[in-house]
Amino acid sequence: LVCSVRGFVRPVGGMLRPPAPVLRRSYAALAEARSILENELDGIRVAGTWKGERIITSKQGPQINVDGSRGTILNFCANNYLGLSSHPEVVQAGIDALKTYGAGLSSVRFICGTQDLHKNLEQKLAQFHEREDCILYASCFDANAGLFEVLLGPDDAVLSDELNHASIIDGIRLCRAKRLRYKHMDLSDLETKLKESQSSRVRLVVTDGVFSMDGDVAPLQGICDLAEQYGALVFIDECHATGFLGQRGRGTDELLGVMNRVHIVNSTLGKALGGAAGGYTVGPKPLIDLLRQRSRPYLFSNSLPPPVVGCATRAVELLLESNEIAQTMTAKTMRFRNKMTQAGFTISGSAHPICPVMLGDARLASVMADDMLKLGIYVIGFSYPVVPKGKARIRVQISAAHTDEDIDRCVDAFIQTGRKHGVVS
């Protein structure tokens, strides 16, 4: 027995279901969509750019356990620059915050989602960067998505490096300002764009402090010179610099002596500062106040969970107390870069812990990374669309937690694998 309800048929005691013709159309639409998606996925596989996900069965660190691999694996591709992801004091701070403040707030910040530990972390981050104020986000992607729409209007202009991170590009797309893209780290082209935009009310020069795919450092001194000459503001994304670049680990602006000339900094808690999650903006207090009122990712996202805030707070405190960890990075980075160059590999970037081993071919990068894992080294091949076509590489990242022996073992594995595939002789 069935009864009809507004064109639907319902078995007695069952759930409502559409009549057969409606179901057939629905199934046909789903089948067509499935076919389109499968064809797209097949294209990715054929191109050799498929990104599989290896499963780690241990905590993050320089040594990890990987599902399907025997023994301990050396990890050379984490953003765990300072080794704080599993630092005992950082972990304990997260446990303490969990016990004291609970698992989460079940709320956005302005309703009932702000605890004293959130304000404490914001204060410490502002102190760390020597800026007036700070606002926390669920990620730096959110921080970049939430900034430009609030700061810039149709009478303004944003001047962005052509190789800026995807989150910066997406954030800029959300604002109504005039958009000008300048050639990668090209000060002459930046000046041309500044001249073109002189009629704008506010002009904001936007750049990564460090470009994550190549490890190259933005020419901030020249950028700040031009910004001051033409009356523009300067913004930097410091995700791959905060905590370890500069004498005290403050970032690219400290490294290049322009801390008082860069106006806005976005960065992350998900890399050097404990590695859990979260992002933030530091800058002038009126800007931070306005972001709290209008920034959509801030207003419509849950507060950072207390354990995450606890871990990040302790990480920042460790760096405020001492720069010893940050100062170990340079020697270890150059050890890897020099040994790899001597072996015949091409390493992009300069003195940054991001050390891209350039291979060109996407399939080669993927296969070499798999062979490296068999030798006990965890690295990942990067290819399009993460990097431009023809620019595939294995991106190695050096951590303060790596020993010299770890680094030498990684180099030896690269040489063995490189010879196998004809990359080096």
Approximate separation, where rounding is to 0.5 Å, of [X] [atom1] and [Y] [atom2]:
X	Y	atom1	atom2	answer
Tyr280	Ile288	OH	CD1	11.5 Å
Ile398	Ile354	CD1	CD1	11.0 Å
Arg296	Arg294	CZ	CZ	12.5 Å
Lys374	Asp371	NZ	CG	5.0 Å
Leu152	Leu147	CG	CG	7.5 Å
His352	Leu255	NE2	CG	9.5 Å

Heavy-atom distance under 4.5 Å between the side chains of [X] and [Y], does that happen here?
X	Y	value
Asp208	His240	no
Tyr182	Glu191	no
Phe211	Asn164	yes
Leu364	Val423	yes
Arg203	Ser197	yes
Leu121	Gln123	no
Asp156	Lys178	no
Thr114	Leu105	no

Matching residue for Ser167 among Asn266, Asp142, Asn144 - test: side-chain hydrogen bond (donor to acceptor under 3.5 Å, both in side chains):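 One option only clears the test, and that one is Asn144.
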
Within 45° cone of [Y] ring axis and under 6.0 Å: [X] NZ or CZ:
X	Y	result
Lys389	Tyr384	yes
Arg54	Tyr378	yes
Arg109	Tyr298	no

Near-ring test His402/Phe76, centroid separation under 6.0 angstrom: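 Judged by ring-centre distance (under 6.0 Å), Phe76 and His402 do meet the cut-off.
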
Stepwise salt bridge (Lys or Arg N to Asp or Glu O under 4.0 Å) test for Asp161 and Arg181: CA-CA 6 Å; Asp161 187 292; Arg181 205 168 51 161; over 6 Å; no

Please check this pair: side chain of [X] against backbone of [Y], looking for a donor-acceptor N/O pair closer than 3.5 Å.
X	Y	answer
Asn39	Ser35	yes
Ser322	Glu324	yes
His263	Val234	yes

Carboxylate-amine/guanidinium contact Arg292 Glu122, below 4.0 Å: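 A salt bridge is present here (some side-chain N lies under 4.0 Å from a carboxylate O).
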
Taking atom [atom1] of [X] as the centre, does the number of heavy atoms from other residues, nucleotides or ligands within less than 6.0 Å exceed 12?
X	atom1	answer
Gln247	CD	no
Lys51	NZ	yes
Arg70	CZ	no

Step-by-step salt bridge (Lys or Arg N to Asp or Glu O under 4.0 Å) determination, Arg45 to Asp42: CA-CA 5 Å; Arg45 294 186 184 98; Asp42 288 342; 3.1 Å; yes

Aromatic ring pairing Phe235/Phe148, orientation class (parallel under 30°, perpendicular over 60°, tilted between):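 Perpendicular.
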
